[in-house]
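Numbering of ligands and ligand atoms starts at 1, following listing order.
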Amino acid sequence: MIKVAPSILSADFRNLEAEIKKVEAAGADLIHIDVMDGHFVPNITIGPLVVRACRRATKLPLDVHLMIENPDRYIPDFAKAGADLITIHAETSKSLDEDIELIRQNNVKPGVVVNPATPVEKIFHVLDKVAMVLVMSVNPGFAGQKFMPEALGKVRKLKDKITNSPHLSVGNYKPPEIEIDGGINLETAKEAVKAGADILVAGSAIFSSKDYAQAIKGLKGQ
Ligand code: DX5
Ligand code: ZN
């Protein structure tokens with residue numbers, strides 16, 4: 001079953017609680033929270049305070065996407081604020097292994113993410129340590145950008161690698177889920193799922209629609 005993670009970056013911040021409750025009732029599986037610092041990406045968005053407020057608004061897992069420099073400095077704060085998943089960029093983490101370990105020590109599931117310009121092979125060595133791998137299908141920074149089809153090849157490569165690595169699903173260990181983020185709409189969702197994506201992040205496709213339930217169902221292909 002395909003999961004959908006609405007990105008609250010496109011929500012109406014005048015009433016974030018109502019927006020979160022609306023997407024929850026509409027069938028969202030996770031709440032995607034885009035954290036930007038104005039350094040790693042040219043935009044400033046959300047900090048731990050807002051993540052804590054989201055925590056009080058929903059029981060859904062909070063999928064916190066850190067687009068910040070020095071993620072290690074802030075991982076404990078986002079964990080305390082109530083993140084269920086913390087995803088760090090391969091481009092900004094000084095040591096993926098250490099940062100993943102730090103996320104685990106804070107009792108949060110770790111994820112890793114690659115920008116469009118970063119080869120997906122760069123994160124192959126941590127596939128046995130993460131719960132999720134995120135492929136960016138836009139350059140991070142803003143909602144509402146156009147999907148970059150090159151991301152599909154990366155999703156396929158990841159899916160192949162995960163399927164052909166039996167050690168990733170030994171015992172109770174679950175292989176990482178593949179998430180895709182940026183420019184997801186009804187058409188690109190279909191292609192992403194065909195390529196092997198398990199979780200679709202969508203901001204504008206959901207929050208600019210009149211009927212969130214219909215938008216989420218459509219993305220799930222129902
Ligand atoms: C981009 C963010 C995305 C973005 C998605 O930097 O990571 O999560 O908000 O928005 P849409 O779905 O509108 O591309
Ligand atoms: Zn994101």
Side-chain angles (χ1 to χ4, degrees), residues 2-13 16 19-20 23 26 28-47 50-51 54 60-69 71 74 78 83-93 108-118 123 130-152 154-155 177-193 197-210 212 214-220:
I2 298 303
K3 296 181 189 168
V4 169
S7 158
I8 59 162
L9 198 53
S10 299
D12 181 351
F13 274 73
L16 194 51
E19 289 278 71
I20 290 174
V23 284
D29 299 278
L30 309 104
I31 300 294
H32 186 84
I33 304 180
D34 287 307
V35 175
M36 306 185 186
D37 66 350
H39 291 273
F40 178 62
V41 289
N43 194 5
I44 301 178
T45 56
I46 291 165
V50 175
V51 173
C54 296
L60 287 181
L62 299 182
D63 169 21
V64 176
H65 176 190
L66 293 187
M67 286 159 275
I68 61 176
E69 280 175 11
Y74 300 98
F78 284 102
D84 294 279
L85 251 160
I86 293 180
T87 302
I88 49 170
H89 269 266
E91 302 82 12
T92 176
S93 164
V108 175
K109 290 184 186 167
V112 277
V113 42
V114 282
N115 270 343
T118 305
I123 53 169
V130 293
M132 200 250 282
V133 182
L134 170 55
V135 174
M136 288 310 299
S137 37
V138 298
N139 281 310
F142 300 93
Q145 303 183 76
K146 200 171 168 287
F147 183 81
M148 298 166 79
E150 304 89 288
L152 295 170
K154 283 187 182 176
V155 171
E177 291 182 287
I178 303 175
E179 182 174 67
I180 187 162
D181 183 7
I184 294 292
N185 55 34
L186 288 181
E187 276 161 48
T188 56
K190 262 190 224 137
E191 293 180 55
V193 169
D198 305 296
I199 309 172
L200 307 169
V201 175
S204 32
I206 295 172
F207 288 104
S208 62
S209 76
K210 286 210 180 70
Y212 294 174
Q214 210 179 328
I216 292 174
K217 260 193 189 169
L219 293 171
K220 289 187 180 186

inquiry  = Parallel, tilted or perpendicular, judged at 30° and 60°: which one describes the rings of His89 and His65?
reply    = parallel
message = Using side chain to side chain donor-acceptor pair (under 3.5 Å), reason through Thr45 and Asp34 one step at a time and then give a plain yes or no.
response = CA-CA 7 Å; Thr45 56; Asp34 287 307; over 6 Å; no
Ion pair Lys3/Asp63, N-O distance below 4.0 Å = no
request  = Report all protein residues having a heavy-atom distance below 4.0 Å to some atom of ligand 1; order the list by chain, then number.
outcome  = Ser7, Leu9, His32, Asp34, Met36, His65, Met67, Met136, Pro140, Gly141, Phe142, Ala143, Gly144, Asp181, Gly182, Gly183, Val201, Ala202, Gly203, Ser204
message = Are the side chains of Asp37 and Leu66 in contact, using a 4.5 Å heavy-atom criterion?
response = no
ask   = Ser209 side chain to Ala215 main-chain N or O, any donor-acceptor pair under 3.5 Å?
value = no
ask   = Around Tyr74, counting heavy atoms of other residues, nucleotides and ligands shown, do more than 12 lie under 6.0 Å from its OH?
value = no
remark   = Smallest heavy-atom separation, Pro116 atom then Lys154 atom, equals O-NZ, 3.1 Å
query = Would the number of heavy atoms belonging to other residues, nucleotides or ligands and lying under 6.0 Å from NZ of Lys109 be above 12?
reply = no
inquiry  = Could you enumerate the protein N, O or S atoms under 2.8 Å from the Zn ion (ligand 2), written like residue then atom name?
reply    = His32 NE2, Asp34 OD1, His65 ND1, Asp181 OD2
key: Trace of the side chain to side chain donor-acceptor pair (under 3.5 Å) decision for Glu91 with Thr118   = CA-CA 8 Å; Glu91 302 82 12; Thr118 305; 2.6 Å; yes
